[in-house]
Each structure stands twice: as structure tokens, then as C-alpha cells.
Number of protein chains: 2
Amino acid sequence: MARKQAVRREPLDPQRIYQAALDFMDVHGVDELSMRKLAALLDVDAMAIYHHVPGKQALLQGVYQVVLEELPLEEHAEVRWQDALRTLGMRFYRLAQRHPRIFPYLLSSQYGTPRELEIYQFIQQALRRTGLSDQDRLYATRALYTFAIGLASAAPTGLRLRPLYGEDSPSQPCQSSEDEVAFSIDLLIAGIERWLEER
Amino acid sequence: MARKQAVRREPLDPQRIYQAALDFMDVHGVDELSMRKLAALLDVDAMAIYHHVPGKQALLQGVYQVVLEELPLEEHAEVRWQDALRTLGMRFYRLAQRHPRIFPYLLSSQYGTPRELEIYQFIQQALRRTGLSDQDRLYATRALYTFAIGLASAAPTGLRLRPLYGEDSPSQPCQSSEDEVAFSIDLLIAGIERWLEER
DNA sequence: ACCTGAACACCGTTCAAGT
DNA sequence: ACCTGAACACCGTTCAAGT
């Protein structure tokens, strides 16, 4: 007991709190998390957390930021914009798949994180190489970003239609796959290419 | 007081409960809703609701279904698939705009409603007219549906990036518009058309 | 500086009881 | 059949106090 207290005495910073919350939610789901349980997990009084994180909303935002930081964003400028976007999309999909219980929920919590902005700018940057007009590039960026949000929200649970189909309709779409996501991204890229040809 | 009780004595059915919850959440947001407040709104003891709706999760699902039923789905078979999809997309966008406080949240509540399935099948039906293979049509349907979810989740709040930009960057994307959504949908449609040309 | 503990104003939900 | 009211096991958060 006294031993346990002695073992862990780093003084509880935001990163450690976010990480513990993330780990817990990955296992138990978003609804199960409470400030009190999280505190117990960190071996600390419930209210200690409030000295490092302003409240629950901020906690969830912090977790979201931590998750998004798992997404690699190095830019290789020599790469075709099509490949840059395809890679980003697939990575984003895999990230959402790694955290299926929390991604849809975090997306709904209205306020963005800095990392989200970086992703947005990455897309914008890649599209700069297409020669689209400013207006069209803005629109295309948002189309891609919107799609990514849909992907994160829907992919983990197979488009949320699982409970509506009977078990016995194997041809129905109950699992998303890498193939499918690649197809979707290519659809958007092909749309942009066609727009470029016709402009 | 006794008068008030006399005025409203229809005996409280699920539809009326869902509608009251929807109206409340449109004004006050999702987080503000509680079973107790909803009961007060319906002029009823808190626990009366449980005789018509199994619990809060079911309540939210019911509300989601009610909202989605606002989306018109009549099929005009003679219309080009491109136009059918464009119309559906724009209507879905406008619906999300009419309920900006609740759409992103309802999307995150994991389990689908029957109406969601109908929308999915509407898309599938429209794409049947393209001549895509079964596999490709399935993929394309899901790409479009995924995009719709992103739209509903992101559009109401301007892609959730608002707080990340300074007030003073007018060129930045803080409002989605009909134009922009139309552009996005056309991008996906163009992608499908190109796929058809190349197959 | 960092953490604690009691307290406040709520929750969703169960269950026995009322009419 | 439909509703009520008390009770249970929780919440997030505030605030004064401890070390």
C-alpha cells in the first residue's frame, strides 16, 4: 500500500492523463469513462485531475489530439499529389480502425484540435500541386476532409448498418476493408483529375 | 394547474416523446437533455417515459429516426442517376443544417436506424443504373454514404475548424455552403463516371 | 505546488405502489 | 393500462483544507 504509493510518484501531467483515458476508452468504450474512474486508474484522488485538465470536455479534446498525433504527416514533396492523398487516406482509415470505440464519438465533440488543422493543411498542400484555382482547391480540400470524417465515423462499425441486416445476408456490407477504402479515395481523386481535364 | 392537466391528456406515445426531445435538443443541444427535463417538458413524472421508451439510448435512436424521416426519398426512376444522387446529397446536407446541434452527435451513437438503411438502399438503387459491377456498386454506395456521414458530421460547424483559425482569416473555410457541397458531390459523381469510361 | 475529501446539484434507472 | 415517488448507484465540478 505504502509501497504502491512509492512506486509511482511522477507528478501527473496532462499527457499521462490523456493516455490513460485513451487506453481505458479503447477497452471499455467512451460511455464508461468517468473522471472518478480515471482518477482511480491513475491512483489519485478524483479531483487531482482538475489541476492539470480543466474539465471533461478538455480531457476528451486532449485525447483526440493524442490519437491524431499517431497519424504520420511527413510530406515528401516529390511524390505525386494522388499518392500523397491516397497514403494519407489509408493511414487515417487504419488509425480509425485502431480506435474503433472512440473515433466516432470524438468526432462529434464539436471543437477541433490543432492536429486536425495540420491534417487539413496537408491536404491543401497536396492539392496545390494540381493547379486547381484557389476556390476549387478549397472546395476539394473540404470534400476530402469531409470524406475522412465520414470514414472515421463509419468505417469502424461497418457503416453502422450491421444491426439492420440479418446475420444471413453475406453479400451485404458489414465490414469495410482496405480495398473498399482505397476504391473510395480513388473515386475522389479521379473526380479531381476529371475536373482538371475539363477545366 | 388542474386546468393544465385537463388540457393535455393524450396518453404519451413514443412519437410525441421523440418529437419533444428533438425540439428541446435543437434549441439547447444534446448534452442538456435529460430524462427528467424531458419528462417535465411533457408535464409528466420522470419515469413515465420508461413505459414507452426503454431507455435513453433508445430515445436518441428514436429521435434520429424521426429526423431522418424528414428526408424525402421518393424515387423517380426516369431521372438520371447523377441527378438522383445530387438531389439526395443536397437534401441530406440541408437536413443536417436544420439540426446542426444534434446531427453530429446522433451519428456517433453507433447503431443505425431503419431509415438509414432506406437511404443506403436509395443510393444503391440509383447506382444500379450505372452498369457498375456488383462489387464496384457496393463500394461506390458506401463511398457515397460515408461522404454523407462526413457531411452531416462536419457541415453544420464548418468542418469543426472554426476555433482554430483566427477571426481575421476571411479566406479560410469557416462556413460550408450549398455551392461547396454541390462541388463535393459532383466530384464523387465525376469519379464514378470516369471509372465507367475506363472499365 | 500538488493533492485530498466533503459537499452540491445533478444524472439514468429500478421497483413497489398508486389510480 | 398508465403513471407516480422514493430510492440506488452513480455523475461532473466547487471549494476549503491539508502537506
Side-chain angles (χ1 to χ4, degrees), chain A residues 1-22 24-25 27-64 101-102 105-106 108-111, chain B residues 1-22 24-25 27-64 101-102 105-106 108-111:
Chain A
M1 204 76 149
R3 175 115 158 289
K4 205 169 164 192
Q5 298 242 350
V7 166
R8 179 212 47 66
R9 272 297 68 138
E10 325 83 273
L12 195 63
D13 62 300
Q15 286 306 310
R16 206 151 59 85
I17 295 172
Y18 297 149
Q19 194 62 55
L22 173 57
F24 180 89
M25 287 159 84
V27 177
H28 298 99
V30 174
D31 291 341
E32 282 300 307
L33 183 76
S34 76
M35 298 301 265
R36 287 162 141 103
K37 284 185 198 164
L38 182 57
L41 228 59
L42 291 163
D43 214 353
V44 113
D45 181 274
M47 303 311 113
I49 293 169
Y50 285 84
H51 283 270
H52 303 93
V53 175
K56 196 175 191 187
Q57 202 191 133
L59 173 69
L60 291 173
Q61 249 180 260
V63 172
Y64 191 36
R101 313 199 63 157
I102 61 167
Y105 188 87
L106 292 180
S108 77
S109 68
Q110 226 68 315
Y111 289 108
Chain B
M1 207 74 149
R3 176 116 157 288
K4 206 168 163 192
Q5 298 242 352
V7 166
R8 180 209 46 65
R9 271 301 64 141
E10 324 84 272
L12 195 63
D13 61 301
Q15 286 307 309
R16 205 150 62 83
I17 295 172
Y18 297 149
Q19 193 62 53
L22 174 56
F24 180 89
M25 287 158 86
V27 177
H28 299 97
V30 174
D31 291 341
E32 281 301 306
L33 184 76
S34 76
M35 298 301 263
R36 287 162 142 103
K37 283 185 199 165
L38 182 56
L41 229 59
L42 291 163
D43 214 352
V44 112
D45 182 274
M47 303 311 114
I49 294 169
Y50 285 84
H51 284 268
H52 303 94
V53 176
K56 197 178 189 184
Q57 202 191 134
L59 173 69
L60 291 173
Q61 248 180 261
V63 171
Y64 191 37
R101 315 199 63 159
I102 61 167
Y105 188 89
L106 292 180
S108 76
S109 66
Q110 227 68 314
Y111 288 108

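None of these values were measured; they are calculated from a predicted model.
- By the ring-ring contact (aromatic ring centres under 6.0 Å, His included) test, B:Tyr18 pairs with no residue at all, sequence neighbours left out.
- When each of A:Ile49 and B:Leu33 is assigned the nucleotide of DNA chain C with its nearest heavy atom, A:Ile49 is the one assigned upstream, toward the 5' end.
- Atom CG in B:Asp43 sits roughly 15 Å away from atom C1' in D:dC2 (whole-Å rounding).
- Legend: side-chain hydrogen bond (donor to acceptor under 3.5 Å, both in side chains) pairs involving residues 47-57 of chain B, not counting sequence neighbours: none detected.
- Partners of B:Glu32 under the side chain to side chain donor-acceptor pair (under 3.5 Å) rule, at least two apart in sequence or in another chain, are B:Lys37.
- Pairing each heavy atom of A:Ala39 with each of A:Ala46, the nearest pair is CB-CA, 3.3 Å.
- When atom types are taken as modelled, the side chain of B:Arg101 and the backbone of B:Val27 share a donor-acceptor pair closer than 3.5 angstrom.
- Taking atom NZ on A:Lys37 and atom P on D:dC10, their separation rounds to 8 Å, with Å as the unit.
- Listed by chain and residue number, B:Val53, B:Pro54 satisfy the side chain to side chain contact (heavy atoms under 4.5 Å, CB included) test with B:Ala58 (two or more places apart in sequence, or in another chain).
- At the heavy-atom level, B:Met35 lies under 4.0 Å from the strands shown only through sugar-phosphate atoms.
- Per the geometry, CG belonging to B:Asp45 stands 17 Å off P belonging to C:dA17, to the nearest Å.
- Put simply, OH on B:Tyr50 is 17 Å from P on C:dA16, counting in whole angstrom units.
- Among the duplex regions that DNA chain D forms, those built from at least three successive Watson-Crick or G-U pairs under 3.5 Å are C:4-8 with D:12-16, C:12-16 with D:4-8, ordered by first number.
- Here the P atom of nucleotide D:dA9 and the CZ atom of A:Arg36 are 15 Å apart, to the nearest Å.
- A heavy-atom distance below 4.0 Å to DNA chain C is reached by these residues of residues 51-62 of chain A, ordered by number: A:His51, A:His52.
- Here D:dC11 presents its P atom at 20 Å from CD of B:Glu32, a figure rounded to the nearest Å.
- The two atoms that bring B:Leu41 and B:Ala20 nearest to each other are CD2-O, 4.2 Å, heavy atoms only.
- In this structure, CE of B:Met47 is placed 10 Å from P of C:dC11, rounded to the nearest angstrom.
- By the 4.5 Å heavy-atom criterion applied to side chains, A:Ile49 and A:Leu59 are not counted as neighbours.
- Under the ring-ring contact (aromatic ring centres under 6.0 Å, His included) criterion, A:Tyr105 pairs with no residue at all, not counting sequence neighbours.
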